[in-house]
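Just follow the structure's listing: the first ligand is 1, and inside any ligand the first atom is 1.
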Amino acid sequence: MKKIYGIIGDPVAHSLSPVMHNAAFEKLGMDAVYHAFRVSSEEVGDAIRGAKSLGISGLNVTIPLKEKALFFVDAEPIAKKIGAINTIDFSSGTPIGYNTDGIGSLRVLKETVGEIKGKNVLILGAGGAAKAISFYLDAKGAKITIANRTKERAVHLTSKLSNADFSGLGVELGKRIEASDILINATSVGMHPNEDVSLVSADMMHPDLVVFDIVYNPMETKLLREAKRAGVKKIVDGVKMLVYQGAASFRIWTKEEPPIEVMENAVRDALIREKF
Ligand code: NAP
């Protein structure tokens with residue numbers, strides 16, 4: 001029987017996950033389909049219980065349900081620490097929750113810089129994505145600085161990490177970047193439709209900095225354009241992380257190796273084709 005997967009969230013109509021996973025199913029000749037389901041925050045528990053009853057094989061969870069969904073699943077320990085899930089697997093009968101955002105970002109950085117241990121990583125943001133990324137990098141021995149607009153959130157996140165410090169987004173940011181090996185934008189700054197803004201300008205960057213923007217719409221954000229202007233050699237856009245987090249979910253659900261290139265092409269084509 002055809003297996004059914006999907007994503008729950010609100011809004012969810014513009015999610016790239018259906019195009020990415022359906023391309024993977026087609027490439028592997030799997031009898032499966034992936035659909036987007038609009039679910040409100042009040043209905044998340046019903047949706048997860050209903051999905052289990054209906055025999056849905058796996059779900060992704062997106063904004064604004066990632067935190068609340070945690071209460072309706074057995075979550076893996078790191079997802080509990082992060083306080084949010086983005087993947088649910090129903091194959092064991094009990095819904096099991098995972099957070100593959102951190103896995104995706106870690107894979108991007110391992111491919112880009114190799115060893116993470118001892119690297120100075122400056123993360124802009126202290127929201128859901130920043131949390132997922134920082135817990136995974138912390139577990140790998142990175143030295144993390146969290147720079148966030150709302151100081152209290154940066155302080156709170158830092159206190160949960162083993163080797164981390166916090167910073168504001170003001171003048172001290174330049175000094176922090178000077179001392180960093182990796183800069184990650186995990187805020188929504190630069191995202192469509194506010195494409196012409198960046199928290200960091202070219203004069204604050206050095207060529208050996210790795211600049212990774214997790215925003216994927218647009219694919220080339222203002223931050224990445226600034227990085228190019230600064231002569232930064234290693235620049236990574238948000239599509240890779242999106243694909244790697246999706247690939248990690250795919251592996252959890254299907255136990256199959258996902259066709260990464262096909263998934264990435266599907267996402268990049270959709271971003272070029274579609275108007276958001
Ligand atoms: P979130 O939980 O709402 O967090 C948003 C973060 O952005 C907060 O730290 C917030 O700071 C900061 N921020 C928002 N507007 C700002 C502004 N004008 N100036 C300075 N800081 C600002 O969102 P999220 O789930 O972490 O997602 C963040 C971004 O990552 C989104 O663009 C999302 O699409 C992207 N994302 C990409 C992937 C991927 O796979 N590539 C995965 C997940 C998320 P305050 O704390 O001060 O409000």
Side-chain angles (χ1 to χ4, degrees), residues 7 9-12 14-17 19-21 41 60-70 79 82-87 98-109 111-112 122-137 144-158 166-170 173 183-201 211-224 235-250 260 263-264 266-268 270-271 276:
I7 181 163
D10 185 17
V12 77
H14 291 304
S15 169
L16 293 161
S17 294
V19 87
M20 173 166 73
H21 286 287
S41 208
N60 281 129
V61 182
T62 189
I63 288 171
L65 312 178
K66 287 182 177 185
E67 284 87 10
K68 207 167 169 191
L70 188 66
I82 295 165
I85 57 165
N86 74 337
T87 302
Y98 301 86
N99 192 314
T100 67
D101 282 335
I103 299 173
S105 62
L106 189 60
R107 180 162 174 188
V108 166
L109 288 173
E111 270 183 15
T112 313
L122 177 67
I123 300 179
L124 303 170
K131 271 193 231 163
I133 294 168
S134 56
F135 277 104
Y136 271 86
L137 294 184
I144 296 172
T145 303
I146 303 290
N148 195 49
R149 177 178 61 181
T150 309
K151 185 180 166 194
E152 296 70 35
R153 293 183 86 188
V155 173
H156 182 71
L157 174 52
T158 302
F166 63 88
S167 163
L169 296 173
L173 197 57
L183 170 70
I184 304 175
N185 176 43
T187 73
S188 44
V189 176
M191 191 171 92
H192 179 79
N194 302 310
E195 295 180 19
D196 215 27
V197 279
S198 167
L199 294 172
V200 177
S201 53
V211 180
F212 171 26
D213 197 337
I214 76 162
V215 171
Y216 52 79
N217 181 24
M219 285 186 271
E220 189 177 64
T221 58
K222 173 95 190 280
L223 174 73
L224 299 188
I235 295 173
V236 190
D237 69 31
V239 172
K240 283 264 179 217
M241 174 172 159
L242 181 72
V243 171
Y244 289 162
Q245 64 78 30
S249 302
F250 191 97
I260 301 274
M263 295 165 86
E264 183 168 345
V267 170
R268 291 194 188 276
L271 280 167
F276 285 88

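Of the residues T100, N60, T62, the one that meets the side chain to side chain donor-acceptor pair (under 3.5 Å) test with N86 is T100. Checked options E111, E264, Q245; the residue passing with K240 is E264 (criterion: side chain to side chain donor-acceptor pair (under 3.5 Å)). Applying side chain to side chain contact (heavy atoms under 4.5 Å, CB included) to L223 and the options D237, V200, I235 leaves one that passes, V200.
When side chains are defined from C-beta on, D10 counts as touching P64, because their heavy atoms get closer than 4.5 Å. No side-chain heavy atom of F212 sits less than 4.5 Å from a side-chain heavy atom of T112. Between I133 and D101 there is no side-chain heavy-atom pair separated by less than 4.5 Å. With contacts defined as side-chain heavy-atom distances shorter than 4.5 Å, the pair F166/L157 does not qualify. By the 4.5 Å heavy-atom criterion applied to side chains, L122 and L173 are counted as neighbours.
With a 6.0 Å radius and a threshold of 12 heavy atoms from other residues, nucleotides or ligands, K151 has its NZ atom at or below the threshold.
When only non-hydrogen protein atoms are considered, atom 6 (C) of ligand 1 lies nearest to T187 CA, 3.9 Å. The nearest protein atom to atom 18 (N) of ligand 1, hydrogens excluded, is given as R149 NH1, 3.4 Å; this is a heavy-atom distance. Counting protein heavy atoms only, atom 33 (C) of ligand 1 is closest to M191 SD, 4.4 Å. Protein heavy atom nearest atom 41 (N) of ligand 1, with residue, atom name and distance: I214 O, 2.8 Å. Scanning all protein heavy atoms for the shortest distance to atom 2 (O) of ligand 1 gives G128 N, 2.9 Å. The shortest contact between atom 26 (O) of ligand 1 and any protein heavy atom is with A129 N, 2.8 Å. For atom 42 (C) of ligand 1, the nearest protein heavy atom (residue, atom name, distance) is M241 CE, 3.6 Å. Given atom 19 (N) of ligand 1, the protein heavy atom at minimum distance is V189 CG2, 3.5 Å.
By the criterion of a heavy-atom distance under 4.0 Å, both the backbone and the side chain of T150 are placed next to ligand 1. Counting heavy atoms closer than 4.0 Å to ligand 1, residue L242 contributes atoms from both its backbone and its side chain. Heavy atoms of R153 found under 4.0 angstrom from ligand 1 belong exclusively to the side chain.
Of all atoms in ligand 1, listed by their number and element, those nearer than 4.0 Å to a heavy atom of G125 are 9 (O). Close approach of ligand 1 to V215 is summarised as follows: ligand atoms under 4.0 Å from at least one heavy atom of the residue are 32 (O). Ligand 1 places these atoms under 4.0 Å from at least one heavy atom of A186: 28 (C).
Nearest-heavy-atom check against atom 5 (C) of ligand 1 across A132, S188, A84 picks out S188.
Within a 4.0 Å radius of atom 23 (O) of ligand 1, the protein has no heavy atom.
Residue contacts with ligand 1 do not include G104, since none of its heavy atoms lies under 4.0 Å from the ligand.
Summarising the geometry, atom CZ belonging to R153 is positioned 6.5 Å from atom NZ belonging to K131; distances are rounded to the nearest 0.5 Å. If you take CD1 on I146 and NE2 on H156, they are separated by 12.0 Å, rounding to the nearest 0.5 Å.
On a distance-only criterion, N148 and ligand 1 share at least one N/O pair closer than 3.5 Å.
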